[in-house]
Amino acid sequence: MSTEEEIESFRQSYTALRDEVGKVIVGHESIVDGTLTALLAQGHVLLEGVPGLGKTLLVRTLSQALDLNFNRIQFTPDLMPADILGTNIVMETPDGGRSFQFQKGPVFAHLLLADEINRATPKTQSAMLEAMQEHSVTAGGEIRHLEDPFFVLATQNPIDQEGTYPLPEAQLDRFFLKLLVTYPSSEELTEVLTRTTEGKTADVQPVLHREKLLEMQRLVRQVPVASHVKDYAVRLVLATHPNTETAVPISNQFLRFGSSPRGGQTLLLAGKVRALTHGRFNVSFEDIQVVAHETLRHRLILNFEAEADGITADHIIDQILSEVPKDAAVAAAT
Amino acid sequence: MSDFQIIQETLKQAVRRRRRYQAWRGLWWGLLLGTVIWVLLLGFYKILPIPYQWVAWGGYFTGATALGGAVLGWCRKVTLQEMARWVDQNQALHERLSTALERASSTDASDHWSQLVVQDAARHAKGVDLKRLLPLRLPRPAQWVLLTLVLGVGLGFVPKYRSEAYRERQEQREAMKEAGHKMAKIIRRELDSRSALQESTKASMEDAAKLGDQLKQAKLKRVDALKKLAKAGDKLKQEAKKLAKDPALQRMQRSARQNSGSKASASQLQKRMEALKKKLGDKGANSEQLQAIRKKLEQLQKAAAAMQGNNSAQAAQTKKNIRQSLSNLQSRLQNMGQSLPSLQAAMKALKSSEVDRVLSEMDQAINDLQSLEEMAKALQKMQSKMEKMGKTLAEQLKRGQANTAQQTLSQMQQKLNQGDLSRAERKKMMEEIKKAIKPAGIYGKAGKHLKQALQQMQQKQNSQAAKSLAKAAKELEKMGQQLANMKSLAKALQALQTAKMCVGNCQKWGKCKGMAKKWSMFSKKGGTGVGLWGPDAQNQKWLKNVPKTGNPPKSHLNRPNMKPRGVTEREAKLNENLTPSKVKGRFSKGGQMPSVRLEGVSIKGESSVDFQEVLSKAQSEAESALSQEKVPQAHRDRVRNYFDNLK
């Protein structure tokens, strides 16, 4: 198959997958797109939203459409790392003897829903996050690799903060995207009610198998990015670093820490996915700008002044996007 | 054409168009900058005393900035990569062209992805409409340029504000410039027209002309200008005095003054006189008689006019009287050797009672009489001139008639060259030459040549004598040239005086021209003096009694020569005090004080000169005196204040 055909196939698969998810999920196009982008870019997603907005349903639907192994972990304060990773248990052998055998935890799946991840203790969270980053788990002194694709969708509830353990900044950085699940519009809510109260259940068919997904993930990484577009992504990331030469004024005022280099990587990878889904063969400034909020918002650490003034990371990203010129050379020439 | 070539070609076209567009924009930006500066200068010009040239230069600067902007815009080079990025951004091509250009020129150019990117970019490059992307329409600065120009035009109608002091300074400047220009022009014209000027005279006049140039540039202060003018004037006067010492020139000048208006020689005058005599008849009708006849004729014409349409007995008597009078007039004219046919015709018409014809014939007769009268007057004038003209060479030389003497010498020379002189004629000529030797002594070497000619004639060397006479004539010609040089010098001095007046009074040349004192080379008359430093101040006893307080003399002092005169009824004979007096004064050794001569209309009972005229003349002289430091230090401010108060 030629590259052009591969790209066309990519688009078709993506559209099919999106349509399939759309059978169940009403609205939330950006959430669906974000989730699929992270999936294709081999990243993980943190979904933040109040309960009942369909976060879990989205992940479940996605697992159905993808024809992949799916596990769900409900994070609670008493959840232990072993509950996630698995543990060595004593098993009777056929010859009557006893031996330790590793019992795989729910993390051994292609698609993992980490529901209310901020309710678990940091110890459990870090065990989960190691798996997310390394695609492997260490249990009983043995490293066990997770099978590709490995995609974690974590959810967290922004309200009801009592008894929660907010994710540390270093761990948040592991997430490819942070998607904010908002309330549906009136039309969307009407549609949701119609679908869920009239006994009709959508029949979600798997449209993408594991090999195809891996192929698509490889294709994403091949999309070329022009040097000035890369430079733009770099300048965006650098603009978030407070008290540096490259920082924009708002960063100096409201940020404690800016984005890590991982923020730049996610900008480009997400941009590549967006370029392919839009039928282009290269990444544009627009791609970078569109994905900037989702990729950077959880990497910016706000200071007290920002929190006191009610400034959000999205506000700061908006300002950075407006202040950093897309193309410095063109801006100078015009 | 390959896909990559399509991209390149599109981008090259875009670069060319972009540079044109940059030049166009640069032009307007330059124009905006220039017009803003120009309007600012115009605004400043309206409220501040800056020269108008600044505004004009602002206009030129606008043109220069526009041109500079266009050139700068054109010179700013744009690379293909920059252009690709710019087109991507402005055509929303999602960085297709720039990525393709980069991939095509990188090491990965041959990979499949690069080809895909280039193909995609080429497809989009075809759809790029450069005319729409870079339209050559008026850019935004054009609106501002228009607005600025409108503002500039509006400012043009705003009257400019200038302080009184500034206006005065400007007037001074203008007056100085005009005076300098005119003075230099007049002096240079005189210099060009005279080739035989003495070196020192020429140098002085050239210096004066250069001073005129300096004044024209208006870089001198008023006081300095007056000082320099006075200095240059002194220099020229010295030159003029040197020339004026020559007695021959004095005589020639006097003669020229007497014969002003006529340059005819004696022989020409004689010819004209003979022609007039011929016309006036042998018996020499004089103008008074002719005038009397004309007046009588006019009276008769009036009487004849009154007779028109009247057939009474009285009218018949009048007719008879008129006829008688006409007959008398006719006989008087005949006695003078004149006859008027129109008078004869009038008498005939009167006889046949044709009054209209009588009147017209009498009209004709009056006109004829007027012509005769004018001829008689002209004849009398010529005769009087002829009388003044020397008859002999000696007389001519004595009277300073160098031109006539030259002609006489030429005639003698001709006669000598012809060699047909009778003994008597020869003797007469020798006698004439002998008499002329003494008066010719003052005309350079003319006397010597005449003496030589006489000796040669005595030795019967006619041709040699003719040559000597020619040399004498040449010498007289030289004297004539010197006189002309003196006139030039006088004109230069006159121009200098006028310039001084203009600078001193801040007035136009035309106005000062009439006011400036006419310079006379040979006039020995001084002015009446201005102020206390005038009339032989050192010898005035009353001045010695002035208490030395440093203050000016007070009015209570009894000044014998300054008694108030007031308005008096003039008697037929002028009061002794009203007799114009001449006062001379000296400030320093050799220097003469300035003077003012004022001429007023003399009417019995009152005599007046315009106050402003008196003031401006006096002030000009005072300024000149002050500038030359001829007024004592302690009195200078007072003199100035005095004239300022008069204003």
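These numbers were taken from a predicted model, which means no experiment stands behind them. Proteins get letters first, then strands, A, B, ... in listed order; numbering begins at 1 in each.
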What is the distance from atom [atom1] of [X] to atom [atom2] of [Y], rounded to the nearest 0.5 Å?
X: A/H228; Y: B/Q81; atom1: NE2; atom2: CD; result: 6.0 Å
X: A/F281; Y: B/T99; atom1: CZ; atom2: OG1; result: 12.5 Å
X: A/S227; Y: B/R85; atom1: OG; atom2: CZ; result: 5.5 Å
X: B/H94; Y: A/E286; atom1: NE2; atom2: CD; result: 4.5 Å

Would one find more than 12 heavy atoms of other residues, nucleotides or ligands at under 6.0 Å from atom [atom1] of [X]?
X: B/W144; atom1: CH2; answer: no
X: B/Y45; atom1: OH; answer: yes
X: B/W29; atom1: CH2; answer: no
X: A/E4; atom1: CD; answer: no
X: B/Y52; atom1: OH; answer: no

Proximity breakdown for A/V283 and chain B, heavy-atom pairs closer than 4.5 Å: backbone
Under 4.5 Å from a heavy atom of chain B, the part of A/L219 involved: both
Pair B/L116, A/I7 - check side-chain contact (heavy atoms from CB on, under 4.5 Å), show working. CA-CA 11 Å; B/L116 269 179; A/I7 293 164; 3.7 Å; yes
Check: A/R280 main-chain N/O paired with B/D120 side-chain donor or acceptor under 3.5 Å: no
Hey, is the main chain of A/F285 close enough, under 3.5 Å, to the side chain of B/E95 for a donor-acceptor pair? yes
Looking at B/W113 and A/L276, what are the two nearest heavy atoms and their distance? CH2-CD2, 3.9 Å
